[in-house]
Peer 1: 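This is the structure, below, for whatever I ask next.
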Amino acid sequence: MNLLITLLGKATGYFTLVIVFIAAILNYRDYSDPVTFTSMAANMESLEEEFRLQNKSCFIMGATGETGSLLLKELLDRNLFSKITLIGRRQVTFEDKAYEKLVQEVVDFEKLEEHTTAFQGHDVGYCCLGTTKAKAGAEGFIRVDHDYVLKSAELAKAGGCSQFHLESSKGADKSSSFLYLKVKGQVEADIEALAFDRFSIYRPAVLLVERKESRAGEWMARKVLSSCSFMFPSMSVPIQAVARAMASNTLLKPEQKTEILENKAIHTLGSSPTT
Ligand SMILES: NC(=O)c1ccc[n+]([C@@H]2O[C@H](COP(=O)([O-])OP(=O)(O)OC[C@H]3O[C@@H](n4cnc5c(N)ncnc54)[C@H](OP(=O)(O)O)[C@@H]3O)[C@@H](O)[C@H]2O)c1
């Protein structure tokens with residue numbers, strides 16, 4: 001019995017060491033991300049003023065979700081756009097007066113070609129849309145996270161939108177053998193082929209969020225990661241940081257048409273002080 005307890009103790013110890021080792025590698029890899037936004041973020045106030053003067057309009061998909069709703073709040077608080085349109089599958093009621101001038105377009109994502117007008121005339125598009133395999137099944141997940149997102153991007157491009165900001169995921173890779181990462185990587189690649197003037201991809205790690213809906217796996221990961229997030233910041237990110245990074249990054253002028261903000265860049269840009 002004593003031997004069994006000793007062996008179990010050792011096994012747990014080794015397992016913990018392996019987890020910490022993998023986490024450290026992932027952390028190091030993300031920290032080697034060459035993109036640094038610190039100096040650009042310092043200039044945020046004047047960039048905001050300059051941007052407001054351009055009277056741009058935008059649309060948000062997924063604004064009823066966790067990241068999307070915070071992104072909407074961020075854009076409204078900072079008053080960056082003269083017009084904001086929410087494109088979603090349902091009408092939303094807002095109590096706050098700040099939300100009064102929003103335009104809402106309710107669309108059937110299975111028949112997006114019937115909703116071309118909803119996608120017309122926007123300067124900037126944000127996409128925080130997504131589901132999970134657990135909720136929608138493998139086919140449903142591909143349908144939402146790839147097909148809906150790509151078709152919407154196509155319609156937006158055809159409607160005159162010049163920049164598209166996509167919330168993707170850490171590890172997105174169209175060659176991955178994991179469905180989730182493969183689909184995320186594939187939609188990134190397919191949207192890049194549409195050749196927007198600017199395409200910004202955000203690849204957050206595990207989102208730190210008190211989610212309204214229960215997701216057991218994500219809840220476990222969040223509990224573990226939030227307690228040690230200061231040690232391994234590349235493995236998680238608060239949704240507030242993602243929303244702020246998406247808004248702030250819109251004000252910057254990247255050197256390349258397609259840019260990828262890995263988790264570290266999201267932390268940097270998302271924690272920068274704003275007005
Ligand atoms: N969870 C993570 O740790 C994690 C990490 C990295 C990246 N991401 C990615 O980040 C993105 C945003 O995640 P989130 O957790 O903020 O999203 P979320 O809270 O789950 O919200 C998802 C949004 O997509 C919409 N949506 C879902 N299924 C739909 C369908 N069948 N038809 C039309 N709309 C649909 C929802 O609309 P309704 O409100 O109408 O349902 C909602 O607005 C997702 O693409 C996700 O894969 C997540």
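Both backbone and side-chain heavy atoms feed into the values below; hydrogens, waters and symmetry mates do not. Keep in mind it's a predicted model, so treat the numbers as computed, not measured.
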Peer 1: Take the angle between the ring planes of Phe94 and Tyr99 and call it parallel below 30°, perpendicular above 60°, tilted in between.
Peer 2: parallel
Peer 1: Is it the case that over 12 heavy atoms from other parts of the model lie below 6.0 angstrom from the CD atom of Glu139?
Peer 2: no
Peer 1: Classify the ring geometry of Phe199 against Phe164: parallel below 30°, tilted from 30° to 60°, perpendicular beyond 60°.
Peer 2: tilted
Peer 1: List the atom of Ala245, the atom of Ile266, and the distance in Å for their closest heavy-atom pair.
Peer 2: CB-O, 3.8 Å
Peer 1: If you take all heavy atoms of Asp123 and Cys161, which pair is closest and at what distance?
Peer 2: O-SG, 3.5 Å
Peer 1: Inspect the contact between Arg143 and Glu110 and indicate whether a charged nitrogen and a carboxylate oxygen are less than 4.0 angstrom apart.
Peer 2: yes
Peer 1: Hey, what do you get for CG (Leu208) to CD1 (Ile239), rounding to the nearest 0.5 Å?
Peer 2: 9.0 Å
Peer 1: Under a 4.0 Å threshold between the charged nitrogen and the carboxylate oxygen, would Glu192 count as salt-bridged to Lys257?
Peer 2: no
Peer 1: Using every non-hydrogen atom in the two residues, find where Cys128 and Leu71 come nearest and quote the distance to one decimal.
Peer 2: SG-CD2, 4.0 Å
Peer 1: Can you measure from OG (Ser200) to NE2 (His165) and round to the nearest 0.5 angstrom?
Peer 2: 4.5 Å
Peer 1: Tell me whether the count of non-hydrogen atoms from other residues, nucleotides or ligands lying under 6.0 Å of CD in Gln91 goes above 12.
Peer 2: yes
Peer 1: Which of these, Ile201, Val149, Asp147, Asp145, sits in a side chain to side chain contact (heavy atoms under 4.5 Å, CB included) with Val187?
Peer 2: Val149
Peer 1: Any ion pair linking Glu49 and Arg78 (charged N to carboxylate O, less than 4.0 Å)?
Peer 2: no
